[in-house]
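The figures here come from the full heavy-atom set of this structure, side chains too, leaving out hydrogens, waters and symmetry mates. Labels below follow one simple rule: chain letters A, B, ... track the order of the sequence lines, proteins then strands, and each chain is numbered from 1.
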2 protein chains.
Amino acid sequence: MKNNITMKDIADRLGISAVTVSKAINDKEGVSGELKEKIKSLALEMGYRYNAAAKSMKDGLSYNIGVVIPERFTGLTQSFYLRIYQQISKNLEECGYYSTLHILNSEDEEQMTLPRIYYEKKVDGFIILGQVSKGYIETIQKMELPKILLDFYDEHADIDSIVTDNFYGAYEITNYLIQQGHRQIAYVGNLYSTSSIQDRFLGYFKSLLEHRIPLQDHLILNDRDERGKFIDIELPESLPTAFVCNCDQVALELIFKLKKLGCDIPNDCSVVGFDNDIYSTLSEPHLTTVEVDVIMMAQTAVKLMMEKIRNPHRKSGRILVQGKIIYRDSVRKL
Amino acid sequence: MKNNITMKDIADRLGISAVTVSKAINDKEGVSGELKEKIKSLALEMGYRYNAAAKSMKDGLSYNIGVVIPERFTGLTQSFYLRIYQQISKNLEECGYYSTLHILNSEDEEQMTLPRIYYEKKVDGFIILGQVSKGYIETIQKMELPKILLDFYDEHADIDSIVTDNFYGAYEITNYLIQQGHRQIAYVGNLYSTSSIQDRFLGYFKSLLEHRIPLQDHLILNDRDERGKFIDIELPESLPTAFVCNCDQVALELIFKLKKLGCDIPNDCSVVGFDNDIYSTLSEPHLTTVEVDVIMMAQTAVKLMMEKIRNPHRKSGRILVQGKIIYRDSVRKL
DNA sequence: CTGAAAGCGCTTACAG
DNA sequence: CTGAAAGCGCTTACAG
């Protein structure tokens, strides 16, 4: 680049040393206020731009955080992780950090190929956004960099993680259905697909237990195969009065399906979702659901990452981010 | 970081110089094949990671591209730009480049505050994804870095831009409606909101002109205010037989609205959209629409950026990326 | 094919 | 308060 002004150039124009310019520009001690102002205004005038690469080299930090999202979570219909990523990027910027997105394709995940940004020291830490295979987690584990699992966790790994309180959210919304008089309540989701779905199921189950409602196998409805691909939901012969869906998207699908069967929502069947994402307001009626706090999740992840960079021994364990029920019109009081 | 292996460390172990290690690792000439292999395998064994910051400093390149998306295009309901961003990020990686996302908030846009990544030389170029104010474009113009406008353009600025061929896409889909026997065709969109909406309108208009169908003011329906906020669409007293909507989201809204009025789609009214995004398959019936080629747009942007980095004088002007009509079930033959 | 020297732009630690 | 020296890890250009 042509217009390449350095601290030395500023120093020369002022007949001082680059050290002093450095101190002034970084607001460090050791420069008189007067000189500092002079330096800063000249820097501005000369169109000086700080060279972050030089600093990076000095202190071995890139001031970048890598965010890894498995490709399968980023289709046309899935903007959730991209939205979290966006928030992360915003929050990082406020800390003088930047983010680099790495979409992890399934091939790299299987072969446990770490992102190139790791091998090029382009990042100081990783946020893994979305469940990856055990093998991949183990590989990640070996990197001697701060890392955080976001929106999922793994018991065998002691990597810090931040997740929505899926268990409690599903527990609460099931309680709500029961308060509304429902007793025949189905759960929609593949229990072996992701830990989120599993935990939401368990929250649902806890609510049933507390209310002495027996768990019925035929009321656990599968919505996807184990690789996450949606399948047609098979309804039980006699319909329950309510459905707890593991996510809004599936709730929306279910509503479409029920409607085609001539079922009126919520008069014949109540349906609740989870996430409060775009799908929650696309159905008629709009979905009662559990809102996942995207802002808080991103914020927590960034804050924790900054702490871990400062102190690599910082351990947080598993942090739960509370959701909250959004009451809309898909539930009927019996 | 503790585990900090450098080329020098490898060189010392082998009793050679760092220069030779550098050549080997970068697959450059001037090392015997045998030695090169020995160096590479030792590097692997020692867990060597290349320090990109050092290279960055040497050649004044960060190997990062900044992608700027105005915040207003990134709401819960708008994943389009985030999807393009994702593709950009993927494509860049294949070129050994990485992306940094900068969400431009409206305050910074008004005050023409450039992203910090610019002032810290953290990026070698900018892709502006989504229409920004004239003032902001002018400010961007002053940066002596390669820059590309993506999904919009500005006549007064001679920044290279890449846009969907909105004009032609709307022209084609309107032609299709006319072929299907429609004559009363409305356009839905605020003509003063974005250049995309304007150009799509003009394509629609050209089709009318060619078919000697007069343009009727009361068939141009506003869908949003000038800041992009959606408003309730006011329908004309007597409904047209078809609607060309400037985007799928609005088409979906319109369908909901028409249905509430007891209008059957497509039997009473045909509706077409634009984008082929998530909204296009959420309506019943699914939308006939123009698919925007996200993959190609991202690819073109990255390719052009790489060329501009190599040769800063490279000019491409305005590149149009063709869309294609996706035929579904929202149009009826009259 | 191999390597000594110099330099990229900044900062740290120390001396004045 | 100010600055000379050394160093961060790599690469380029040149010499052998």
- Message: Contact between His313(A) and Lys308(A) at the side-chain level, heavy atoms closer than 4.5 Å - yes or no?
- Response: no
- Query: Any side-chain N or O of Ser22(B) less than 4.0 Å from the OP1 or OP2 oxygen of dT11(D)?
  - Reply: yes
- Phosphate oxygens OP1/OP2 of dC8(D): is one of them under 4.0 Å from a side-chain N or O of Asn51(B)? no
- On DNA chain C, check which nucleotide each of Met57(B) and Gly30(B) is closest to and give me the residue with the more 5' one. Gly30(B)
- Message: With a 3.5 Å limit on both atom pairs, tell me what dC14(C) is paired to, counting Watson-Crick and G-U wobble, or say none.
- Response: dG3(D)
- Message: Between Glu94(B) and Arg116(A), does any side-chain N to carboxylate O distance fall below 4.0 Å?
- Response: no
- Item | Per Ile16(A) side chain, nearest of listed nucleotides dG3(D), dT2(D), dG9(C) | dG3(D)
- Counting just side-chain N and O atoms, does Thr6(B) come under 4.0 Å of either OP1 or OP2 of dG9(D)? no
- Item | Closest to side chain of Ser32(B), choosing from dG9(D), dT2(C), dG3(D) | dT2(C)
- Query: Does a side-chain heavy-atom distance below 4.5 Å link Tyr97(A) with Val302(A)?
  - Reply: no
- Query: Would one find a side-chain N or O of Lys36(B) under 4.0 angstrom from OP1 or OP2 of dC1(C)?
  - Reply: no
- Message: On the nucleotide dG3(D), are OP1 or OP2 found under 4.0 Å from the side-chain N or O atoms that Thr20(A) carries?
- Response: yes
- Message: Can you measure Ile10(A) atom CD1 to dT11(C) atom C1' for me and round it to whole angstrom units?
- Response: 15 Å
- Round to the nearest Å and state the distance from Lys55(B) atom NZ to dC8(D) atom C1'. 17 Å
- Interatomic distance where CD1 belongs to Ile39(B) and P belongs to dT11(D) [whole Å]: 12 Å
- Message: Please determine whether side chain to side chain contact (heavy atoms under 4.5 Å, CB included) holds for the pair Gln299(B) and Ile295(B), giving the CA-CA distance in whole Å, both sets of side-chain angles, and the decisive distance to 0.1 Å.
- Response: CA-CA 6 Å; Gln299(B) 207 170 291; Ile295(B) 308 270; 3.9 Å; yes
- Query: Could you give the CD-to-P distance, from Glu29(B) to dC1(C), as a whole number of Å?
  - Reply: 8 Å
- Look at Asn4(B) and dC8(D) and indicate whether a side-chain polar atom (N or O) is within less than 4.0 Å of OP1 or OP2. no
- Between dT11(D), dT11(C), dT2(D), which one does the side chain of Asn26(B) approach most closely? dT11(D)
- Take the protein atom NZ of Lys8(B) and the nucleotide atom P of dT11(D), then report the distance between them rounded to whole Å. 15 Å
- What integer distance in Å separates Asp59(B):CG from dG7(C):C1'? 13 Å
- Query: Given Asp27(A) and Lys40(A), is the salt bridge (charged side-chain N to carboxylate O under 4.0 Å, His left out) satisfied, shown in steps?
  - Reply: CA-CA 10 Å; Asp27(A) 284 317; Lys40(A) 285 195 168 186; 2.8 Å; yes
- Message: On DNA chain C, does the nearest nucleotide to Ala52(A) precede the nearest nucleotide to Val19(B) from the 5' side, or the other way round? Give the residue.
- Response: Val19(B)
- Which heavy-atom pair separates Lys55(A) from Tyr63(A) by the least distance, and what is that distance? CE-OH, 3.4 Å
- Item | Distance below 4.0 Å between Lys23(B) side-chain N/O and dG3(C) OP1 or OP2 | no
- Provide, to the nearest angstrom, the distance between the OH atom belonging to Tyr50(B) and the P atom belonging to dG9(D). 13 Å
- To the nearest Å, how far apart are Lys58(B) NZ and dG9(C) P? 10 Å
